[in-house]
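Since we're looking at a predicted model, the values are computed, not measured. By convention in this document, chain letters (A, B, ...) are assigned in the order of the sequence lines, proteins followed by strands, and residues within each chain are numbered from 1.
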Amino acid sequence: MSPPLTPLEGRSKSLAALLPRCHIRQGCDASLIPLHRISPSRPASSSRVAASRLHETKPQAMPADETGRAQKGAWMKSVERPLSPHLQIYRWQLTSVMSILHRAAGLALTAGAVLLVWWLVAAASGPEAYAGVQNFLGSWVGVALLLGWSAALFYHLCNGIRHLTWDTGHALDLRSTYIGGWVVVIAAAILTAAAWAAGIAHWVY
Amino acid sequence: MRDAPPSQLRSPLGRAIGLGSAKGGVEHWVVQRVTAVALVPLALWFVAAMIQLTGADFDAMQNWVGRPLPAIGLVLLLIATFYHAAIGLQVVIEDYVHGELARFGLVIFSRLACIAFAVAGIVGVLTLALGAAD
């Protein structure tokens, strides 16, 4: 019997137990990797969905024995290479979600910067134009945009500091990336809530 | 010699320095970090300023931008933000847009848009700061 396909389908409680076996380059969209570039690391005899998906796109090109493991030989290196999971069968995890959100927040902040320019140009154009922007920002749509903008800003800011820390070569081990990740999530939430509490307090009093 | 692979046509010095025909490539990475570091205090200052301006009317906003330090801060914020955004957008476009023409066009468009918005914002700040508005 072939071993379970742990990184892809395992339901282990320990994320740390799963992670070291499936490294995806940070920022790499696995769905963009053509399937034929991924060498099957599991035999065709496996009934696992992931393995059969891979074998559909690349017919078994190497001989396998009855245990399903490919025979030793020239193919060995490619067979033993870790499998890059497809996003659809890849388990969500904090680090990859945060990486995706960092980009999404960056795009949102670009839109927010355009909003800032609109605000400044309107103010420079005179009281009427400024009142128009203020009315929009005071509407529910405007407040929702400002809320999203501020949350994206604090998240991108905190996670950016995490990235800058990595750039110095620190906190790159698995445990630190998770601790730092949760610190960023909590800090961004607190800062966003604090900024809005301060803004509302300033507005009311 | 005619059959030598291209890698062997490079001089030992060229290989040691490690620069390709582009003669660069690391600047984007460095500038992205430099603007990121600059944006940490600028963004925090900006949020604090916006909290102070909550509920402010036109005159209060005009007075605030009209002071030198807020005007300087806003101009620096606009420059750093749109520089950082231009690099970030380029990376995202290069990762996800695969058609060569579409990728090239989008990178150029995003770059020009960032320049345009930065200039517009700076002109807005200067107009308020130098008192040209009514």
query = Between B:Thr54, B:Val40, B:Leu89, which shows the greatest number of heavy-atom pairs under 4.5 Å with chain A?
reply = B:Thr54

request  = With rounding to the nearest 0.5 Å, note down the distance linking CZ in A:Arg103 to OH in B:Tyr96.
outcome  = 4.5 Å

ask   = So B:Phe46 and A:Trp149, would you call those rings parallel, tilted or perpendicular, with 30° and 60° as cut-offs?
value = tilted

ask   = Is it the side chain or the backbone of A:Ile200 that comes within 4.5 Å of chain B heavy atoms, both, or neither?
value = neither

note = Taking every heavy atom of A:His156 against every heavy atom of B:His84, the minimum-distance pair comes out as NE2-NE2, 4.2 Å

key: Distance-minimising heavy-atom pair for A:Ala113 and B:Phe82   = CB-CZ, 3.6 Å

message = If I compare all heavy atoms of A:Ala124 with all of B:Gly124, which pair ends up nearest, and what's the gap?
response = CB-O, 3.5 Å

query = CG/B:Leu42 to CG/A:Leu157 distance, rounded to the nearest 0.5 angstrom?
reply = 11.0 Å

inquiry  = Do B:Phe117 and A:Thr110 have side chains that approach each other closer than 4.5 Å (heavy atoms only, starting at C-beta)?
reply    = no

message = I need the minimum non-hydrogen distance between A:Ala123 and B:Leu128, along with the two atoms involved.
response = O-CD2, 3.5 Å

ask   = What is the minimum heavy-atom distance between A:Val117 and B:Ala120, and which atoms define it?
value = CG1-CB, 3.8 Å

Nearest-0.5 Å distance that lies between atom CH2 in A:Trp119 and atom CE in B:Met61 = 3.5 Å

message = To the nearest 0.5 Å, what is the distance between OH on A:Tyr130 and CG on B:Asp59?
response = 10.0 Å

request  = Report the distance from atom CG of B:Leu78 to atom CG of A:Leu116, rounding to the nearest 0.5 Å.
outcome  = 5.5 Å

ask   = So which part of B:Ile122 gets closer than 4.5 Å to some heavy atom of chain A, the side chain, the backbone, both or neither?
value = neither

query = Is there a side-chain contact between A:His163 and B:Gln32 (heavy atoms, below 4.5 Å)?
reply = no

task = Could you tell me which portion of A:Leu191 (side chain, backbone, both or neither) has an atom closer than 4.5 angstrom to a non-hydrogen atom of chain B?
result = neither

note = Residues B:Val47 and A:Ala195: closest non-hydrogen pair is CG1-CB, 4.2 Å

request  = Let me know if B:Ala56 has heavy atoms under 4.5 Å from chain A in its side chain, its backbone, both or neither.
outcome  = backbone

query = With side chains defined as the heavy atoms from C-beta onward, is the minimum distance between A:Trp196 and B:Ile51 less than 4.5 Å?
reply = no

ask   = If we only count heavy atoms from C-beta on, is the B:Thr81 to A:Leu109 side-chain gap below 4.5 Å?
value = no

query = Are the side chains of B:Trp29 and A:Asp167 in touch, meaning some heavy atoms are under 4.5 Å apart?
reply = yes

